[in-house]
Amino acid sequence: MASVKYKHLVFTLCFTAVFLFVVQAFAQTGSRDYKPSPSDCDAYARNKAENYSEGVLSGAIKGTARGALFGAIVGDREGAKKGAALGGVVRGTKSAVNRDKIRRQAYDDCMAGRVQW
């Protein structure tokens with residue numbers, strides 16, 4: 001009697017495992033067939049650029065602080081002012097270019113189908 005219950009339990013577990021495997025296979029197949037639209041990819045790219053790059057204002061503030069520090073070390077008060085201005089412009093521009101580069105790369109990856117949805 002115990003062996004019948006054991007066989008029934010093994011059969012039930014095997015059946016459940018096969019069923020879950022088939023369901024997972026169909027779920028993954030369906031997600032691979034999805035082709036995102038250009039607007040989907042644009043939203044994805046903007047979100048990724050926003051999350052993975054610092055903002056222009058943040059970059060400008062960091063550049064200003066570093067430029068002022070460098071200018072104060074190398075020169076005097078006038079050097080600190082020039083370093084702050086130059087650092088703010090350079091770092092702010094670099095941040096904007098970096099964000100745009102991340103956005104373009106993410107958009108291209110999405111349109112090429114290299115992004116998992």
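We number each residue from 1, following the sequence as shown.
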If you look only at distance, which donor and acceptor atoms sit under 3.5 Å apart when one is on a side chain in residues 64-82 and the other is two or more places apart or in another chain?
unit_1	atom_1	unit_2	atom_2	d
Thr64	OG1	Ala60	O	2.7
Asp76	OD1	Glu78	N	3.3
Asp76	OD1	Gly79	N	3.2

key: Cluster companions of Met111 among Ile, Leu, Val, Met, Phe, Trp, Tyr (side-chain spacing under 4.5 Å)   = Tyr107
task = Measure the spacing between SG of Cys110 and NZ of Lys35 and express it to the nearest 0.5 Å.
result = 8.0 Å
inquiry  = Could you measure the distance from the OG atom of Ser53 to the CG atom of Asn98? Nearest 0.5 Å is fine.
reply    = 6.0 Å
For residues 84-97, which side-chain N or O atoms pair as donor and acceptor with protein atoms under 3.5 Å away, sequence neighbours left out?
unit_1	atom_1	unit_2	atom_2	d
Arg91	NE	Glu54	OE2	3.2
Arg91	NH2	Glu54	OE2	3.3
Thr93	OG1	Val89	O	2.7
Ser95	OG	Glu54	OE2	2.9
Ser95	OG	Arg91	O	3.0

message = Looking at every heavy atom in both Asp108 and Arg114, which two are closest together, and how far apart are they?
response = O-NH2, 3.9 Å
ask   = Quick one: does Asn47's side chain have a donor or acceptor within less than 3.5 Å of a partner on Ala43's backbone?
value = no
